[in-house]
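Heads up: the structure comes next, in structure tokens.
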Amino acid sequence: MPKIIDHDERRREIVEVAKRLILEGGFEAATMRSIAAEAGFANGALKHYFPGKESIVAATFESVLAEMDTEGWLDRTEQPVETEAVEKLRERLNLSMPLTEYSISAGRVLLVLWDHAASNPELADTYRRFFRRWQDSTIALLRSSRGDDTSDIDYRALALEIMSITIGANVVNLMHPDGEHIQTYRSIIESYINRATGQD
């Protein structure tokens, strides 16, 4: 009986290999040949799953972005009540910030792919769409966390502030992968929540 091959699982394995190679040696280290060798494929066998390196890079980019949304919170439409919204905001900020060894590594891979995306319109568009969803979701939580507050608050700027801090944290961890700044970023998150939700 012929062996049944799970093509989706094989694609995921190839993407994980690409991430590891990029993390260890940068974008140029993830060649079709090196990915095939590391994944245990014969030369040319990768084409059964991806037509070329660009398609592997695109899948890797999407995979890293998806890791920032493991709970599926970017597309949730329910609006929690005020107290729940504050806790949900804290939870989401801790998920999006590079505070674990795994998320620090994912962020470092993302930085390499950002550089490539700057000259690749399709990848750039993928990130812009992700960024808009991230910003819109953060704005919704910030609004909910303040309840009936009618103050003239620029929620878009507030959301962009913490998103920029998150991106900056990934840049810092590029040179400090040991996570020595994790506690500082945890404090930044709490300070931001207190100020942004009117708890100061």
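No experiment lies behind these values; they were computed from the predicted model shown. These values consider heavy atoms only, across backbone and side chains, with no hydrogens, waters or symmetry-generated copies.
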Residues in side chain to side chain contact (heavy atoms under 4.5 Å, CB included) contact with S103, at least two apart in sequence or another chain: P98, T100
List in chain and number order the residues that pass side chain to side chain contact (heavy atoms under 4.5 Å, CB included) with E180, two or more places apart in sequence or in another chain; answer none if no residue qualifies. H176, D178
State, to 0.1 Å, how close [X] and [Y] come at their nearest heavy-atom pair, and which atoms those are.
{"X": "A36", "Y": "L46", "answer": "N-CD1, 3.8 Å"}
{"X": "A29", "Y": "S34", "answer": "O-OG, 2.7 Å"}
{"X": "T60", "Y": "A18", "answer": "OG1-CB, 3.6 Å"}
{"X": "Y192", "Y": "L158", "answer": "OH-O, 2.7 Å"}
{"X": "A159", "Y": "I139", "answer": "CB-CG1, 3.7 Å"}
{"X": "R146", "Y": "A196", "answer": "NH1-O, 2.7 Å"}

Under 3.5 Å donor-acceptor, [X] side chain and [Y] backbone:
{"X": "N170", "Y": "T166", "result": "yes"}
{"X": "S144", "Y": "A140", "result": "yes"}
{"X": "S145", "Y": "L142", "result": "yes"}

Between E67 and Y102, is the side-chain contact (heavy atoms from CB on, under 4.5 Å) condition met? List the steps. CA-CA 10 Å; E67 287 171 3; Y102 186 84; 2.9 Å; yes
Pairs touching [range] that satisfy salt bridge (Lys or Arg N to Asp or Glu O under 4.0 Å), sequence neighbours left out:
{"range": "residues 158-172", "answer": "E161-R195"}
{"range": "residues 35-56", "answer": "R20-E38"}
{"range": "residues 165-177", "answer": "none"}

How many angstroms lie between atom [atom1] of [X] and atom [atom2] of [Y], to the nearest 0.5 angstrom?
{"X": "M32", "Y": "I14", "atom1": "CE", "atom2": "CD1", "value": "8.0 Å"}
{"X": "I167", "Y": "W114", "atom1": "CD1", "atom2": "CH2", "value": "4.5 Å"}
{"X": "R186", "Y": "E190", "atom1": "CZ", "atom2": "CD", "value": "9.5 Å"}
{"X": "I165", "Y": "I189", "atom1": "CD1", "atom2": "CD1", "value": "9.0 Å"}
{"X": "D154", "Y": "R156", "atom1": "CG", "atom2": "CZ", "value": "8.5 Å"}
{"X": "F61", "Y": "T126", "atom1": "CZ", "atom2": "OG1", "value": "6.5 Å"}

Taking it one step at a time, do Y185 and I182 satisfy side-chain contact (heavy atoms from CB on, under 4.5 Å)? CA-CA 5 Å; Y185 283 119; I182 285 176; 5.9 Å; no
Is atom [atom1] of [X] surrounded by more than 12 heavy atoms (other residues, nucleotides or ligands) closer than 6.0 Å?
{"X": "R33", "atom1": "CZ", "answer": "no"}
{"X": "E16", "atom1": "CD", "answer": "yes"}
{"X": "E122", "atom1": "CD", "answer": "no"}

Can R129 and D125 be counted as an ion pair, charged N to O under 4.0 angstrom? yes
Are the charged groups of D136 and R133 less than 4.0 angstrom apart, N to O?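 Salt bridge between D136 and R133, a charged N being under 4.0 Å from a carboxylate O: no.
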With heavy-atom distances below 4.5 Å as the criterion, would you say the side chains of [X] and [Y] are in contact?
{"X": "I22", "Y": "K19", "answer": "no"}
{"X": "L113", "Y": "Y127", "answer": "no"}
{"X": "L160", "Y": "F131", "answer": "yes"}

By the ring pair (Phe, Tyr, Trp, His ring centres under 6.0 Å) test, which pairs, at least two apart or in different chains, include something from residues 29-48? F41-Y49
Using the rule given for side-chain contact (heavy atoms from CB on, under 4.5 Å), can you reason through S137 versus R92, listing the C-alpha separation, both sets of side-chain angles and the distance that settles it, and then say yes or no? CA-CA 10 Å; S137 177; R92 293 182 184 183; 3.1 Å; yes
I would like to know whether L65 and W134 meet side-chain contact (heavy atoms from CB on, under 4.5 Å); could you show each step before the answer? CA-CA 11 Å; L65 292 178; W134 181 12; over 6 Å; no
